[in-house]
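Just so you know, these numbers come straight off a predicted model, no measurement behind them.
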Amino acid sequence: MNKSFLFFSILVYFAFAKAVQAQSIETIEPPFWWTDMEHSDVEVLLYGENIANYSAPIDSDLPIVKVRKTENPNYLFLTLDTANAISGDYKILLNVYDTYNVVDFRLKERELNSKTRKGFDSSDAIYLVMPDRFANGDSSNDSVDGMTEKVNREFKGGRHGGDIQGIIDHLDYVDQLGATAIWSTPLLEDNEELYSYHGYAQSDLYKIDPRYGTNADYKRLGDELHKRDMKLIMDYVTNHWGAMHWMMQDLPTETWIHKFDDNIGKDFPVAGYANSSYRQSTQMDPNVSKRDAIYAEKGWFVSSMPDINQSDPLVLNYLIQNTIWWIEYAGLDGLRVDTYSYNEKEGIAKWTKAVMDEYPNFNIVGETWLHDQAQIAYWQNDSKIA
């Protein structure tokens, strides 16, 4: 046999072997969806080694209107049309060199009157809870395998053990105070090594931090509040994630987060991370310097919180779907959006509109540390100076 032919055959074999390794799907987000949603074209993220080697799905119980691959072969984005579908379990068949993988996807039926839910308003008295510091209802989850930081009550910046069960156990107390709504600081997974109790450096947007409980516990909190005619407000973070977020270890696209490198230009020769200037007046000042505007909007809040690029359509749609998923799943009555004015104006406007299109009577309040009324008014709904 010709040696060059043999060598070529070996190369083909190894290329084929690498391709068929793309059989394991590690993550599906969102994990399920609902029928009768305004957001009916659901973009499903599939993550697994070399998953992009799969050809376009060869069969699907739900119509697939778009297949998106990125420069990272470990991601595949499938847009499913659920507009006319009924609730139930659906299958998507993927194929690579006659190696098949079946993706299961469930559509659930929406709760009655979900779309018309009424959000919190100025008549509500809101009780702010920092869960780790509030009450420990389940000591078995104080320290959890897989979570870097363990309980340490001796360290004032450490975890003290409060959880969702602790909040539920004291709802009657909060009710008797006259509060009609609870706003909890973030409960999603935050796997930072230190100071993770604050929750603003999230490492998984579809998972409650196991030291607080489970997704089902969070839904139960909403149900228990509603039994008392009280409301649940989620602290949602659109501007940044934590450096330990699983996607930060393997970015779907190079534009998923803001990076300060050559693509910004010679005037800004900072590689990778750069901190925000915190100069939020740059968002509404027509005479601002380009440098100030870029660093305020695209700079990282701190070095452990990568700044999310909402001008990337994949990123923006991911945030929209994740937000809607939590509202629908947990029965939320409102959102408090962290660092609202640090977001990209166009991106956060599209995000807000998508949420309000889904829930017209909902309410969103954004946090901004501005102290001038005109600057604050710039961000308000229907502002005349925006």
Side-chain angles (χ1 to χ4, degrees), residues 22-96 99-110 114 188-189 202-208 215 236 238 241 245-253 255-256 308-310 312-330 350-351 354-355 357-358:
Q23 298 178 27
S24 176
I25 298 175
E26 299 176 23
T27 303
I28 301 176
E29 292 182 344
F32 53 83
W33 202 247
W34 292 266
T35 58
D36 301 319
M37 301 289 283
E38 291 294 325
H39 192 95
S40 57
D41 281 352
V42 184
E43 191 166 61
V44 179
L45 177 157
L46 303 178
Y47 177 76
E49 185 178 358
N50 293 318
I51 195 172
N53 287 327
Y54 283 116
S55 61
I58 61 173
D59 191 21
S60 174
D61 293 341
L62 288 169
I64 297 177
V65 297
K66 185 186 295 184
V67 177
R68 170 75 184 270
K69 299 180 182 182
T70 72
E71 64 268 28
N72 187 335
N74 297 332
Y75 287 87
L76 186 64
F77 294 83
L78 306 179
T79 302
L80 309 178
D81 179 5
T82 68
N84 299 310
I86 60 174
S87 59
D89 294 323
Y90 294 85
K91 295 186 181 300
I92 304 165
L93 185 61
L94 303 175
N95 172 42
V96 56
T99 299
Y100 300 97
N101 200 326
V102 177
V103 179
D104 294 312
F105 194 75
R106 174 171 293 184
L107 288 179
K108 297 187 174 186
E109 191 171 344
R110 295 185 80 177
S114 174
L188 298 184
E189 182 188 276
Q202 296 166 355
S203 52
D204 191 328
L205 265 66
Y206 278 96
K207 182 182 179 183
I208 294 293
N215 287 11
Y236 196 85
T238 52
W241 296 351
H245 190 288
W246 67 270
M247 280 193 205
M248 297 301 116
Q249 318 310 312
D250 191 21
L251 287 172
T253 68
T255 57
W256 199 269
I308 302 302
N309 179 15
Q310 295 142 6
D312 184 323
L314 280 174
V315 177
L316 181 60
N317 197 52
Y318 182 93
L319 290 171
I320 289 170
Q321 291 186 168
N322 179 257
T323 307
I324 292 172
W325 190 90
W326 278 111
I327 296 170
E328 197 71 24
Y329 173 77
K350 291 176 182 178
W351 174 87
V355 175
D357 285 347
E358 195 70 61

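- Taking Tyr75 as the reference, Tyr47 meet the ring pair (Phe, Tyr, Trp, His ring centres under 6.0 Å) condition, with sequence neighbours excluded.
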What do the steps show when you test Val67 against Leu76 for side chain to side chain contact (heavy atoms under 4.5 Å, CB included), and what is the final call?
CA-CA 7 Å; Val67 177; Leu76 186 64; 3.9 Å; yes
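- For the pair Thr79 (side chain) and Asp41 (backbone), a donor-acceptor distance under 3.5 Å is absent.
- Going from atom CD1 of Ile92 over to atom CZ of Phe105 covers 7.5 Å, rounded to the nearest 0.5 Å.
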Could you give me the CA-CA distance, side-chain angles and deciding distance for Val42 and Gln321, then say whether side chain to side chain contact (heavy atoms under 4.5 Å, CB included) is met?
CA-CA 8 Å; Val42 184; Gln321 291 186 168; 4.0 Å; yes
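- Annotation: side chain of Lys91 is not in contact with side chain of Val103 (no heavy-atom distance under 4.5 Å).
- The shortest heavy-atom contact between Ala354 and Ile324 is O-CD1, 4.4 Å.
- In this structure, OG1 in Thr255 is found 6.5 Å from CD in Glu71, a value given to the nearest 0.5 Å.
- Between the OG1 atom of Thr253 and the CE atom of Met247 there is a distance of 10.0 Å, given to the nearest 0.5 Å.
- The heavy-atom pair separating Ile208 from Asn215 by the smallest distance is N-OD1, 2.8 Å.
- The closest donor-acceptor contact from the side chain of Tyr90 to the backbone of Ala85 lies at 3.5 Å or more, if one exists at all.
- Rounding to the nearest 0.5 Å gives a distance of 5.0 Å between CD1 of Ile308 and CH2 of Trp241.
- When all heavy atoms of Ile51 and Leu46 are compared, the pair lying nearest together is CD1-CB, 3.6 Å.
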Apply side chain to side chain contact (heavy atoms under 4.5 Å, CB included) to Met37 and Glu328, showing your working.
CA-CA 10 Å; Met37 301 289 283; Glu328 197 71 24; 3.9 Å; yes
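- Between Ser87 and Glu109, the shortest heavy-atom contact is CB-N, 3.8 Å.
- Interatomic distance, CD1 of Ile28 versus CG of Asp104, reported as 7.5 Å (0.5 Å rounding).
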Output a table of donor-acceptor pairs, distance under 3.5 Å, between side-chain atoms of residues 29-36 and any protein atom two or more places apart or on a different chain; print 'none' if there are none.
{"unit_1": "Glu29", "atom_1": "OE1", "unit_2": "Tyr318", "atom_2": "OH", "d": "2.5"}
{"unit_1": "Trp33", "atom_1": "NE1", "unit_2": "His39", "atom_2": "O", "d": "3.0"}

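- Distance alone, capped at 3.5 Å, is enough to place a donor-acceptor pair between the Trp326 side chain and the Leu205 backbone.
- Within 6.0 Å of CG in Asp89 there are more than 12 heavy atoms belonging to other residues, nucleotides or ligands.
- At distances below 3.5 Å, not a single donor-acceptor pair connects side-chain atoms of Ser60 with backbone N or O atoms of Pro63.
- Judged purely by distance below 3.5 Å, without hydrogens or angles, the side chains of Asn101 and Tyr54 pair a donor atom with an acceptor atom.
- No side-chain donor-acceptor contact under 3.5 Å links Trp351 and Thr238.
- When all heavy atoms of Asn74 and Glu49 are compared, the pair lying nearest together is OD1-CA, 3.3 Å.
- In this structure a side-chain-to-backbone donor-acceptor pair under 3.5 Å is missing from Asp204 to Trp246.
- Within the 4.5 Å cutoff, no side-chain heavy atoms of Lys66 are placed close to those of Leu78.
- Residue Glu358 comes nearest to Arg110 through the heavy atom pair OE2-NH1, 3.6 Å, listed as atom of the first residue, atom of the second, then distance.
- Rounding to the nearest 0.5 Å gives a distance of 11.0 Å between CG of Asn317 and CZ of Arg68.
- Other residues, nucleotides and ligands contribute over 12 non-hydrogen atoms within 6.0 Å of the CD atom of Glu26.
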